[in-house]
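This report concerns only the one structure given below.
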4 protein chains.
Amino acid sequence: MARQRRADGEESRRKILDAAVEVASERGYDGTSIALVSAKCGLPASSIYWHFKDKDELIATVIERSFATWLEAVRLADLTGPAAERVKTLAVSVANALLEAPDFLRLGLMLALERRPQDPSARTVFLRVRDTAHTYVAGIIRSIDGKLDESAVELLVTYAIAAADGLFIAKEIGGDRVDLVRLFELHARAVLTAADQLGVTG
Amino acid sequence: MARQRRADGEESRRKILDAAVEVASERGYDGTSIALVSAKCGLPASSIYWHFKDKDELIATVIERSFATWLEAVRLADLTGPAAERVKTLAVSVANALLEAPDFLRLGLMLALERRPQDPSARTVFLRVRDTAHTYVAGIIRSIDGKLDESAVELLVTYAIAAADGLFIAKEIGGDRVDLVRLFELHARAVLTAADQLGVTG
Amino acid sequence: MARQRRADGEESRRKILDAAVEVASERGYDGTSIALVSAKCGLPASSIYWHFKDKDELIATVIERSFATWLEAVRLADLTGPAAERVKTLAVSVANALLEAPDFLRLGLMLALERRPQDPSARTVFLRVRDTAHTYVAGIIRSIDGKLDESAVELLVTYAIAAADGLFIAKEIGGDRVDLVRLFELHARAVLTAADQLGVTG
Amino acid sequence: MARQRRADGEESRRKILDAAVEVASERGYDGTSIALVSAKCGLPASSIYWHFKDKDELIATVIERSFATWLEAVRLADLTGPAAERVKTLAVSVANALLEAPDFLRLGLMLALERRPQDPSARTVFLRVRDTAHTYVAGIIRSIDGKLDESAVELLVTYAIAAADGLFIAKEIGGDRVDLVRLFELHARAVLTAADQLGVTG
DNA sequence: AATGAATGAGGATTCATTCAT
DNA sequence: AATGAATGAATCCTCATTCAT
């Protein structure tokens, strides 16, 4: 019985977050009203405040949870083999993860583009996650070509991640007319080629 | 010479739009309140409604005007020389135009990412402009390599524009740590190389 | 030429009043906004204020003009013959006039029912017209039966006019399902019978 | 006993409705502003929206409740005796109920006269109630004279109700100068006489 | 005779949040 | 662990009206 009670709390929290991702990734920070989330999850607005301090915390949690979901979908564990192979595998698994769990990046980019006086903490969370990704990708890029200097690595990492963002947006806008996986394969090749060129030139 | 104190409609309209671009490209559709725009342009909220039917029309006009501004900054006229040169020139002038007039793309991408039941017309306007750009870039890509089949052209155009979006976002997020022009040069080379590879393979 | 100019003024005034009757008799005093009237007549709101001091005066004029229209439709001139005949003729011509020109009574009754702190002058105009009608009908009633005392006349006049109002409303609500002329004939007979009964009893 | 200071929903709802009848039956649909109701009931405007979806629902509820109040005041139970007696008793009790609880009909008629594109649901509610009354009165009329054909019954019912409406309006306009009960007695007699005449003629 | 533009007040409604239970 | 009710501030937008031209 007691366990059931506990479980209900968890369940409500989950229902709220489920509703909130949906709303937030559809309409952004301002467009996400507590009333809308409440309507979508079936719980009264006041119950949302029992689980979350305020709207800011709710949306920050949404970003965190949807990132976790996305990360699980990426499953990077088996990145082995030559660098070129690793880059391509990474690209494809990122693409597939974005198809499976697009909420994280959709909402994250929306937050990243907005610039209000008092930054929502969800934005901070997103930027932090993005920084981690930057460091991670930098490691991979360096392993492609040891001769790359740091400024070239920076450039390549920024390019690699930025283009990934852009491709995701293209998919969001274009829907079925856009083949995300093929685009990411193209992207992987482009980054590898660029690394070669920079390794020689730079 | 004598500026009328009252009833200079054109000027007021301009002041409203100036305020609105600023607000909208900072905070997106929902975050743009008429009260904020009113405060920023000095005219009462009700006057905004004399010039624009509603918020939707206001923001759609903002997108239109800021696109025109951006387009002027691009100055494509002098695209001559071999294809490779043209691609690079285009990339650099796009990059510079985005540095000079970033409002159009910042707001446009924010709108594009949102997916509310009833699409704001500003979003429609942005997507239309984007389509035109797509067609335009397709022409350039075809001129690089006549052997590219249409699906390869589509892929490359989508990639070219998507990565440009992403780079812009990277600059927005990263600020001075990001060298947008250098990234666009890298991007131009990447697209050219990819065109070569696809022209042979595809 | 000059005459043309003059005529334009009259024409605008007429267009405004035409629009205003329509709106006012559809939506009452509060529901009639200058913007709506302006949209319906094609002239800007400020032009309405050139012709009428304010909304109050506009609607008062509407009532006056639509009363005149109605009165013209009644054409009472030929009320001759025995009292019973006159009453019936009056009833039928009132009924027909209400079918032809219903705006006056519709708007008038709407105004009469409302009771706001500061009475619109249109309401006053309506009540005055109504008083005149009362006096007029009293004359007719007295001519039916000289033995009626004044309190009986009052009662009958009030009843005669009140029922007429009610029948008009029934027609407004019921539309084609209601035969207004037949109802007014029934009403005329009822009033005559009541006069007989009161003349004996009272 | 202990009245809760907060969160007595039923009581608040009642206070809102009390305020709303007063305002609405004085000023009609458009004239009833939420701010006015709020001021009159002491609750903030936003609280009104906790209890009612929107103004439309509020006023529809007002009509429903004020009809119930009026119906209670009519107390039809004791309609016995010969038809003539029943008609007279009904007339007098309707008159008295209208004196006690005039809000329902005053507001209802105001709504009935307005004809805006999108009918307020309060109007629909009123017309439905009115239809029920029509059926009820038809039963009584038929019981007066079995020989009346249906078209005559229709005519008489429409006349009976319409004149009642008109008499109510006369009382509203005329105030103390109008003796509503006496008018309704006159009306009852008129309807009975008319039924006799139609029974023979029709 | 007319009108484009402006304006402060007020319209309905939704907002994020709180609090007593 | 949850919720019904409340609330002040803010939302978009319309109001009647004015005034310089």
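Chain A is the first sequence line, chain B the second, and so forth, proteins listed ahead of strands; every chain is numbered from 1. Hydrogens, waters and symmetry mates play no part in the numbers below; they use all other heavy atoms, side chains included.
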If you compare all heavy atoms of [X] against all heavy atoms of [Y], which two are closest, and at what distance to 0.1 Å?
X	Y	answer
D:Leu107	D:Ala24	CD1-O, 3.6 Å
A:Phe126	A:Leu109	CZ-N, 4.0 Å
A:Ala112	A:Arg123	O-NH2, 2.7 Å
D:Ala45	D:Ser38	N-OG, 3.5 Å

Sorted by position of nearest nucleotide on DNA chain F, 5' first, the leading residue of C:Asp56 and D:Glu10 is D:Glu10
Pairwise 5' ranking along DNA chain F for A:Ile48 and B:Leu36, keeping only the more 5' one: A:Ile48
By the side-chain hydrogen bond (donor to acceptor under 3.5 Å, both in side chains) test, which pairs, at least two apart or in different chains, include something from residues 43-55 of chain D? none
Which nucleotide in the set [options] lies at the smallest distance from any side-chain heavy atom of [X]?
X	options	answer
C:Leu43	F:dT11, F:dT17, E:dT3	E:dT3
B:Ser47	E:dT7, F:dT17, E:dA2	E:dT7
B:Ser46	E:dA5, F:dC15, F:dA6	F:dC15
B:Ile34	E:dT3, F:dT7, F:dC12	F:dC12
C:Asp8	E:dA6, F:dA5, E:dA2	E:dA2

Mapping A:Gly31 and A:Lys53 onto DNA chain E by nearest heavy atom, which one lands closer to the 5' end? A:Gly31
For B:Pro44 and D:Tyr29, take the nucleotide of DNA chain E holding the closest heavy atom to each; which residue's nucleotide lies nearer the 5' end? B:Pro44
Rounded to the nearest Å, what distance is computed from the [atom1] atom of residue [X] to the [atom2] atom of nucleotide [N]?
X	N	atom1	atom2	answer
D:Asp30	E:dG10	CG	P	17 Å
A:Asp54	E:dT18	CG	C1'	13 Å
C:Gln118	F:dA16	CD	P	15 Å
C:Arg14	E:dA1	CZ	P	16 Å
D:Phe52	E:dA12	CZ	P	15 Å
D:Lys15	F:dA5	NZ	P	14 Å
D:Tyr49	F:dT11	OH	P	17 Å
A:Glu57	E:dT17	CD	P	11 Å

Sugar-phosphate only, base, or nothing, as touched by B:Thr32 at under 4.0 Å among non-hydrogen atoms: sugar-phosphate
Which is true for B:Ser33 with a 4.0 Å heavy-atom rule: it touches a base, it touches only sugar-phosphate, or it touches nothing? sugar-phosphate
Please tell me if D:His51 has a side-chain N or O lying less than 4.0 Å from either OP1 or OP2 of F:dA6. yes
Any side-chain N or O of C:Ser12 under 4.0 Å from OP1/OP2 of E:dA2? yes
Identified side chain to side chain contact (heavy atoms under 4.5 Å, CB included) counterpart of B:Leu36 within the set B:Glu26, B:Glu22, B:Arg27: B:Arg27
Donor-acceptor pair present, B:Trp50 side chain and E:dA5 base, under 3.5 Å: no
Checking salt bridge (Lys or Arg N to Asp or Glu O under 4.0 Å) for the pair D:Arg65/D:Asp18: CA distance, chi angles, key distance, verdict? CA-CA 10 Å; D:Arg65 206 193 59 159; D:Asp18 286 348; 2.7 Å; yes
Read 5' to 3' with Watson-Crick or G-U pairs under 3.5 Å, [ ] for crossing pairs and | for partners on another strand, DNA chain E gives .||||||||||||||||||||
Quick one: side-chain contact (heavy atoms from CB on, under 4.5 Å) partners of D:Ala20, sequence neighbours excluded? D:Val37, D:Leu58, D:Val62
